[in-house]
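All values below were derived from every heavy atom in this structure, side-chain atoms included, with hydrogens, water molecules and symmetry-related copies excluded. Per chain, numbering begins at 1; letters A, B, ... match sequence-line order.
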Amino acid sequence: MPAPRHLLAIQGLSPPEITALLDLAEAYALLNRSGKTQRDLLRGRTLINLFFEDSTRTRTSFELAGKRLGADVINMSVSTSSVNKGETLIDTAVTLNAMNCDLLVVRHNQSGAPALLARKVDAAVINAGDGTHEHPTQALLDALTIRRHRGTLEGLVVAICGDIAHSRVARSNIYLLTTLGARVRLVGPPTLMPAAISELGVEIFHEMPLGLKDADIVMMLRLQRERMAAGLVPSAREFRHFYGLDAQTLGFAKPDALVMHPGPMNRGVEIDSAVADDPARSLIAEQVEMGVAVRMAVLDTLARRSTRNV
Amino acid sequence: MSDLFIAGAHLLDPPALDGSGGLLVRDGRIAARGPGLAAPDGVPVLEADGAVLCPGLVDMRVSLGEPGFEYRETIASAAAAAAAGGITTLAALPDSRPAIDDPALVRLLRARGEETGSLTILPYGAVTKRCEGREMAELGLLREAGASAFSDGGHAIADSRLMRLALAYARVFGGRIVQHPEDPALAAGGCATEGELATRMGLPGIPAAAEAILIARDIRLARLTGGAVHFAHISTAESAALIRRAKAEGVDVTCDTAPPYFDLNEHAIADWRTFAKLSPPLRPESDRQAIAAALADGTIDAVASDHLPLDPDDKRLTFAQASPGGTGLATLLAVTLAQVHGGALPLARAIHLLTRAPARLLGSPAGTLDEGAPADLCLFAPDRGWQVQSGKLPGKAQNTPFDGRALEGRVLGTWKAGRRVFG
């Protein structure tokens with residue numbers, strides 16, 4: 001089977017495919033720190049950041065990754081303008097295709113939007129987060145961050161906590177971590193758990209002390225304010241009381257357990273600053289750093305597979 | 001003029017007729033039929049070569065694009081698709097624009113059907129004004145104008161008190177209350193059956209319980225009022241079980257299902273195929289099997305296409321944004337026959353579910369080969385293969401959930417009142 005042209009999901013990737021991306025990203029992480037990035041690998045290639053949903057950090061990360069590899073990077077925020085004019089996703093795809101771009105990074109609030117675009121464009125499509133479906137580069141950067149600290153993912157206990165139901169980050173992480181042999185636990189109230197999620201090979205907990213027991217990694221998720229409005233949790237303070245991570249709650253995990261968060265954080269809701277800012281425990285800043293390296297590895301890999309002539 | 005003799009057919013009009021014979025049409029009516037019948041002099045003869053001749057199909061659940069959505073489908077294009085599918089009578093849902101909540105609109109739709117020359121349209125009257133689920137429509141006047149039954153189309157009657165009143169009031173005039181059984185609050189925002197697949201795809205789910213809850217409630221209300229309730233397009237094992245039990249207890253409850261619910265399962269939506277986005281959503285394989293079993297055991301009273309025409313732009317969207325619904329007129333017979341070919345359903349029962357049974361539920365004299373009845377006929381070759389191809393189906397709307405499906409069972413000819421309208 002030929003290697004896929006796009007990166008739309010972690011679901012369906014094999015362990016060697018994931019490991020190859022992580023190995024390449026690791027190399028880029030070292031290069032980035034040394035400042036000796038190869039700046040001409042994507043020279044003459046065009047990368048379009050097509051964001052239908054606001055996301056400063058992910059967009060910036062892809063932009064930096066593209067520029068470090070020498071690509072021409074264009075940012076398009078379509079969050080309101082074209083959609084309000086009635087332009088469909090397919091119209092946008094046709095327009096972009098006419099511009100002959102090589103790499104198309106897509107963020108959209110609808111599950112499956114990058115897959116729909118991928119059917120209509122010649123560019124390699126990279127899913128930068130679609131609805132509640134997947135966020136593959138986030139899972140890759142999380143895995144790389146963990147691997148750098150623990151050497152391997154095999155056998156680690158990773159607790160993913162909070163709003164699992166609405167989280168594409170959680171889904172991509174579940175697929176990636178279980179594929180590479182980690183044990184994944186999900187911790188959160190039943191109203192924030194997706195249906196039949198245990199079918200994905202994870203353990204479900206509704207209490208932090210039980211879910212965090214003996215965990216190597218505690219991964220917190222952002223709780224959107226609109227979940228309270230939708231009545232899924234009664235209040236932010238009740239959520240914080242039972243599902244927030246503070247120093248005391250972290251004590252239920254292994255003594256050297258590490259803390260992660262995909263950002264942006266709601267300090268004082270799902271995570272306390274004392275934990276988020278503890279350099280001995282928090283990997284949050286390093287996740288951002290690894291994000292650039294992972295996205296360089298993804299752009300590099302897909303550009304090499306591209307059939308478009310430069 | 002419209003005299004015809006069809007010779008050498010497999011006459012099928014269960015339970016009365018199931019065997020080889022001929023059928024004589026005179027002046028648009030069935031003059032005689034049965035074995036050993038010879039063509040009278042001067043009547044043109046059509047040799048059926050053993051093909052099945054059954055009553056023109058009666059489709060009890062169809063959304064027409066007209067009035068209001070003519071860009072999706074007109075009555076003329078729906079009539080062409082129906083004729084190609086062997087359908088000569090259909091019941092049109094009232095949630096059009098405007099909704100069929102006024103006696104004049106009922107009369108208009110009936111007349112528009114007659115104008116086609118190929119199709120009888122039996123309009124449903126709206127249960128509530130504008131199908132909004134708030135105030136009861138003029139059920140009596142609608143019935144008097146010719147409404148065959150009452151429904152709010154794809155909108156569930158959610159308010160328990162309103163449903164109680166409608167069931168009680170409609171008893172005076174006859175005409176069943178046809179419910180779209182889905183609790184709107186539980187289904188809100190959902191677009192796939194809640195479960196592992198929807199979770200993996202990141203799609204908001206609709207629990208199967210949303211269907212069971214409304215069915216259980218309405219069975220109870222039918223018992224309270226003595227009214228007659230009909231559940232449209234049932235799709236889960238639990239729904240079938242609830243209805244089976246209620247029937248055994250003597251409640252006046254009936255139901256239909258549509259071909260997608262016994263032919264497809266939820267995996268048809270994988271790869272984000274919006275043509276397979278339906279309402280109710282496609283279910284897991286276990287539910288599909290239960291619906292197929294309920295067809296065979298008599299729990300389900302009729303098969304209806306649940307035809308819903310859409311424009312390409314309604315479907316070329318992300319899955320959650322795409323409109324739900326699929327066309328079904330041209331595929332109704334062949335997909336139902338797949339159950340026969342698979343051994344799950346006797347041919348006679350399949351035809352009963354598509355003709356006499358739905359006609360009775362609608363109080364229509366159609367759906368029979370009785371002598372004296374209008375010669376609405378469907379001649380089909382049960383084993384002839386074909387492939388469903390979106391873009392090449394008869395009629396305007398092409399949003400079939402069966403795109404690519406290989407089927408056996410081809411309509412050879414359709415007659416309306418003795419006049420050939422297809423084949």
Nearest-0.5 Å distance, CG of residue A/Asp91 to CZ of residue B/Arg316: 8.0 Å
Largest heavy-atom contact set with chain A, pairs under 4.5 Å, which of B/Thr318, B/Thr274, B/Leu317, B/Asp313: B/Thr318
Neighbour count above 12 (heavy atom, 6.0 Å) for B/Arg164 CZ: no
Atom pair CH2/CG of B/Trp272 and A/Leu8 - distance to nearest 0.5 Å: 10.0 Å
Residues of residues 188-205 of chain B with any heavy atom under 4.5 Å of a heavy atom in chain A: B/Glu194, B/Gly195, B/Glu196, B/Thr199, B/Arg200, B/Met201, B/Gly202, B/Leu203
Close contacts, residues 392-404 of chain B versus chain A, judged by heavy atoms under 4.5 Å: none
Per-residue contact mode, A/Gln11 against chain B (heavy atom under 4.5 angstrom): side chain
Most contacts with chain B, counted as non-hydrogen pairs under 4.5 angstrom, among A/Ala9, A/Pro194, A/Ser167, A/Gly131: A/Pro194
Residue A/Arg168 versus chain B: region with a heavy atom under 4.5 Å: neither
Over all atoms of both residues, closest heavy-atom pair of B/Asp271 and A/Arg119: O-NH1, 3.4 Å
Interface residue of largest heavy-atom contact number with chain B, from A/Leu200, A/Leu89, A/Ile174, under 4.5 Å: A/Leu200
